[in-house]
Amino acid sequence: MAKKAFKAESKRLLDMMINSIYTHKEIFLRELISNASDAMDKLYFKSLTENIGLSRGDFEINLTVDKENRELIITDNGIGMTKEELDSNLGVIAKSGSLQFKNENDEKENEDISVIGQFGVGFYSAFMVASKVTVETKAYGSDTAYKWYSEGVDGYSITETEKDSYGTKITLKIKESTDEEDYDEFLTDYKIKGIVRKYSDYIRYPIKMMTGHSHLKEGTEDEYETHYALETLNSMVPIWKKNKSELTDEEYNKFYKEKFYDFEDPIVHIHTKTEGTATYSALMYIPAKVPFDYYSKDYEKGLQLYSNGVLIMDKCGDLLPDHFSFVKGLVDSADLSLNISREMLQHDRQLKIMAKSIERSIKNELTKMLRNDREKYEQFWKSFGLQIKFGVYNGFGAGKELLQDLLLFYSSFEKKYVTLEEYVSRMKEEQKNIYFASGETVEKIDKLPQTELVKDKGYEILYLTDSVDEFVMQMMVDYNDKQFKSVSAGDLDLESPEEKEEIKAKAEESKDMFEFIKESLGGKVKDVRLSKILKSHAVCLTSDGMLSIEMEKVLSQMPTETGAKAEKVLEINASHPIFDKMKSLYVSDKDKLKLYSDILYNQALLIEGMAIEDPVDFSNKLCELMS
Ligand code: ADP
């Protein structure tokens, strides 16, 4: 009998499992029970849709402990596996992404735990407690049964075998205990019962085990005898069918961690039961940390969809709007047909109503958190705020109404995150706009020359540090009738009428010089102007038109370079000594003014955090000026 090798990556993962990075070895049972339950779900579903005639009560999982032979046997009468399925399901740890991730994190050994958790390499966890694993299985409707056998990394074999009926039987040869590890406990009723109650209580099929109870022997006073009886170990009620009042946070969290493979408690759970236009119960969670693939294209959003307790879809994307794609959970509704296909679901009216109502529930929960537990909300915001912002941006502002009050921005006043509502509530009476400034970090923005005058007016500024931020502002246009305005917009409308006149006059006076500077910069800027926003600094860059300098920076970093450029304006501060110097050079030494212009433009680029086109030339020019 030829032995097959595991695929290379499976082998490595298997190695990790055997040398056990899990501290909780006991979870192997949860994994195997969960697989059994899935297999029974599949067959039950098939039965309902194809009229096979099986009912829920026909299904069960059986556990048998054989102490003498050190065996733990898990049997199910689910759908079973064909030879091909056996080979492809248990021969490879299919979700190869997990290994890639593992490589990147090699030095962080502890993280393995969550990696495996996120992928649920389920079946292989058997090797944490077993030295030999045998899987005997017969697919429903098939005549032939197969046996898969493996002792670990060496590989596995598949042979034909005899098996009375469909389903799967897994036999684990439990390892011998060592000084460090007690494996014997996995051969005791007590431990097995405990593990089932702890992790698999909600499984909706009975998990049965022959258990012994000792009783006083009749007619004696100190002789005991043991009665064996088949006991159902789990309560079988799915948690979402229970009442909120029956459940503790711990129970909610435990369910989440097991079901959605997280090792951390969620930040919040949302449990709703709705009756009316749509009747459903939903149990949803927001993870505390960003799943590692969340902001990648591999991430698939969606809620599990049950029809009256039967799983009909694992990830129903239509139930979750993109801006809340981080939510994990499930929805159970009696209104849905079991036969419904993915395509039909998209057009299902009932599903649309549910999706709307789910969106509302999530929004309400977030709003509640924002009001009542700011610290927690900020934690949420750190993980998923970006997604909310994408939400505002993506729908061309369609999500604005729904999402705008969930947004947080860093405030120049508060030195922490604030909402738009808070900003507007403390705007000065004469203040017309909501001001924002963009940059790489809060510290860098705080030093931007462009922020000076606005700060001087005593106006609060929102500091934007995410690349999507300015696009969000552009989509939003306004909040509560207050326009958003970038401090780099050039015209902030902050001056008094007299100041305006004064600037206008000065600008008029130096018109020719500005034209000369613009010419000498050779098309690098659209305009050169007298600044209305600078106070103590000599120069800065602003932009005309829709595309800001910050947006240009973001776009230039995109994989698909658009080549889009902001229409840059070089602003010069008339109150700065350099301005007078330039004026005199314009009269006496135009060549030198050219040199000044070039250097000042490059300085302005540097202030914006942009690269200067020719650093060597810039450095040479500076030296020329110094010598
Ligand atoms: P996962 O459950 O995350 O898919 P596993 O490694 O636990 O990963 O299982 C791999 C696959 O093997 C399952 O998806 C399922 O198709 C199949 N499988 C495992 N256990 C059983 C079982 N008891 N009955 C039928 N199929 C099973």
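Atoms within a ligand are numbered from 1 in the order they appear, just like the ligands themselves. Heads up: numbering here begins at 1 and tracks the sequence.
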Heavy atom to atom 10 (C) of ligand 1, shortest distance: which of Leu32, Thr137, Leu86, Asn89 holds it? Asn89

For Ile79, is the nearest heavy atom under 4.0 Å from an atom of ligand 1? no

How about Glu85 and Thr137: do any of their side-chain heavy atoms sit closer than 4.5 Å? no

With only distance considered, is Tyr261 within less than 3.5 Å of ligand 1 through an N or O on each side? no

Glu31 heavy atom under 4.0 Å from ligand 1: no

By side-chain contact (heavy atoms from CB on, under 4.5 Å), Gln304 pairs with (sequence neighbours left out) Lys259, Tyr306, Leu311, Asp314, Leu330

Least distance between heavy atoms, Asp76 atom then Ala39 atom: OD1-CB, 4.4 Å

Do Leu43 and Tyr166 have side chains that approach each other closer than 4.5 Å (heavy atoms only, starting at C-beta)? yes

Polar contacts were defined as any N/O atom of the residue lying under 3.5 Å from an N/O atom of the ligand; does this apply to Leu90 and ligand 1? no

Do Ser177 and Asp184 pair up side chain to side chain, a donor and an acceptor below 3.5 Å, judged on atom types alone? yes

Of the side chain and backbone of Asp38, name the one, both, or neither that has a heavy atom under 4.0 Å from an atom of ligand 1. neither

Throw together a table of side-chain donor-acceptor distances under 3.5 angstrom for residues 141-148, partners on residues two or more places apart or in other chains.
{"unit_1": "Ser142", "atom_1": "OG", "unit_2": "Thr144", "atom_2": "N", "d": "3.2"}
{"unit_1": "Ser142", "atom_1": "OG", "unit_2": "Thr144", "atom_2": "O", "d": "3.2"}

Taking distance alone, with N or O pairs closer than 3.5 Å, would you say Tyr124 contacts ligand 1? no

